[in-house]
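In what follows, chains are A, B, ... by sequence order, proteins preceding strands, each numbered from 1.
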2 protein chains.
Amino acid sequence: MVQRQGLDAENVLQAAVEMADTQGVEGLTLAAIAAKLNVKTPSLYNHIKGLPDLRMQLSRRGLMLIKAAMVDAVIGKAKDDALLAVGFAYVNFARKHPGLYEAISTLPDYEDPELKEAGNEVVLFLLRILAPYGLSEEDALHVVRGFRSMVHGFASLEHRNGFRMGLERDESLRRMLLTYLKGLRASVD
Amino acid sequence: MVQRQGLDAENVLQAAVEMADTQGVEGLTLAAIAAKLNVKTPSLYNHIKGLPDLRMQLSRRGLMLIKAAMVDAVIGKAKDDALLAVGFAYVNFARKHPGLYEAISTLPDYEDPELKEAGNEVVLFLLRILAPYGLSEEDALHVVRGFRSMVHGFASLEHRNGFRMGLERDESLRRMLLTYLKGLRASVD
DNA sequence: TTTACAAAACTAATGACATTAGTTATTATA
DNA sequence: TATAATAACTAATGTCATTAGTTTTGTAAA
């Protein structure tokens, strides 16, 4: 009588991604995921360890995808062009996948090795883009922090409807990054 | 037999603030607040409408306090000095009151009039600090967005342990703001 | 001083949720 | 075809928020 739904871990994660992107991470419940998959809640435990585990997977997946988007955006570009492209790729990912982005930015476990590794990769990626600027290692690390703060802050505020004025948002992002880069050039020269 | 605890709305909110600052907003439960106040959970409903209401109050209180901190920081300062001071006041508030800050940055209801008002006041405050730069209204609004993105992004990443390198964090913040301001000056000239 | 009323606390009950234990049935493999 | 792994299930527990209805306390009026 019991129909198998052919679920696996990837299936469940996919459903979680979709629900997070439409209803937000806080509204993400195992009950809702199970219903979406035509299964009772406990059945999910054959594929995930529990809700914290699922959230962690969400974060990992999001970090992987946003990094891929940044890497893709930078192809054929260098210096300011590259940084601008990375910034827009970051923000556009957050726009397209609000749930995944939320999962990235509210990390469940700072100490998860896989998350740490993915985070490091992003930093290394940014450092490589900064290489042509000829900064010292320390200077470059400060710039990476600044860059991450800017794009994360922008994406986060935009997501929470923090920008209420009827002002082009892409233009705000463009100007913020360009202004910062101009200041960077002024410092280097 | 039943001892009155002399609770009122402010009392409950205070307890919520303390718990949010120590355990985080997601760990904030009515059950825990009630226990802290030596009261059963339903008793709280004499003073609050429910958990969403309490979260809202938390956001309002946080927004009020962080604005006060920024206003205080700017006394006797102008231009770059003032903006730097505001940035540090913002980040230091987030450090001192992580729970309140979380409540601010994960607003429960974008449409609450009191929250909208408080948000507008912050924007107006920043615009007044920007006034001496002689920007057009549109330019100034873009700068406000940039500034808010930077300081929120920094505070948020720092709160999530996003900065792992053994690098002075205050120095990173200082450099980000100064680099941006340098770029701003370069644009204006 | 007594009485009456508002409010602050309580108990009991409900419903949503996550999680665990133990069961049944299906699929794949030997 | 028989067996073992596993995907689904039901049942049960515990935590939480919330509501309804009750008791008790403090205060203010008579």
Next on the checklist: List the residues meeting salt bridge (charged side-chain N to carboxylate O under 4.0 Å, His left out) with B/R174, not counting sequence neighbours, and say none if there are none.
Outcome noted: B/E171
Next on the checklist: I need the CD1-P distance between A/I48 and C/dC17, as an integer number of Å.
Outcome noted: 15 Å
Please list, for nucleotides 14-17 of chain D, all pairs of protein and nucleotide N/O atoms separated by less than 3.5 Å.
from	atom 1	to	atom 2	distance (Å)
D/dA17	OP1	B/L30	N	2.6
D/dA17	OP2	B/L30	N	3.3
D/dA17	OP2	B/A31	N	2.8

Item to check | Side-chain N,O (B/S43) to OP1/OP2 (C/dA8) below 4.0 Å | outcome: no
Checklist outcome for this item: A/K36 atom NZ is separated from C/dC17 atom P, nearest whole Å, by 16 Å
Checklist entry - Can you tell me how far CG of B/D81 sits from CD1 of B/I129, rounded to the nearest 0.5 angstrom? => result 11.5 Å
Checklist outcome for this item: Residues passing the side chain to side chain contact (heavy atoms under 4.5 Å, CB included) test with A/N11, sequence neighbours excluded, are A/L7, A/D8
Item to check | Non-neighbouring partners of B/A68 that pass side chain to side chain contact (heavy atoms under 4.5 Å, CB included), sequence neighbours left out | outcome: none
Checklist outcome for this item: To the nearest angstrom, the CG-C1' distance between A/N38 and D/dA7 comes to 15 Å
Checklist entry - Does the side chain of B/H47 get closer than 4.0 angstrom to OP1 or OP2 of C/dA9 through an N or O atom? => result yes
Under 3.5 Å, which donor-acceptor pairs do the side chains of residues 42-51 of chain B form with other protein atoms, sequence neighbours left out?
from	atom 1	to	atom 2	distance (Å)
B/S43	OG	B/K40	O	3.3
B/N46	ND2	B/S43	O	3.4

Checklist entry - What is the distance from NZ of A/K40 to P of C/dA25, rounded to the nearest Å? => result 16 Å
Checklist entry - Can a donor-acceptor pair under 3.5 Å be found between the side-chain atoms of B/N46 and the base atoms of C/dA7? => result no
Next on the checklist: Please list all pairs meeting ring-ring contact (aromatic ring centres under 6.0 Å, His included) that have one or both residues in residues 73-94 of chain B, counting only residues at least two apart or in different chains.
Outcome noted: B/Y90-B/Y101, B/F93-B/H97
Checklist entry - What pairs meet the salt bridge (charged side-chain N to carboxylate O under 4.0 Å, His left out) rule with one or both residues in residues 17-34 of chain B, with sequence neighbours excluded? => result B/E18-B/K36
Checklist outcome for this item: To the nearest angstrom, the CG-C1' distance between B/L7 and D/dT24 comes to 16 Å
Item to check | Separation of D/dT6 P from A/L44 CG (nearest whole Å) | outcome: 18 Å
Checklist entry - Once you round to the nearest 0.5 Å, how far does OG1 of B/T179 lie from CE of B/M176? => result 9.5 Å
Name the atoms and distances for all side-chain donor-acceptor pairs under 3.5 Å in residues 161-170 of chain B, with sequence neighbours left out.
from	atom 1	to	atom 2	distance (Å)
B/R164	NH2	A/Y110	O	3.1
B/R169	NE	B/E158	OE2	2.6
B/D170	OD1	B/R95	NH1	2.8
B/D170	OD1	B/R95	NH2	2.9

Checklist outcome for this item: Base-paired stretches in DNA chain D with three or more consecutive Watson-Crick or G-U pairs, both distances under 3.5 Å, amount to C:1-30 with D:1-30
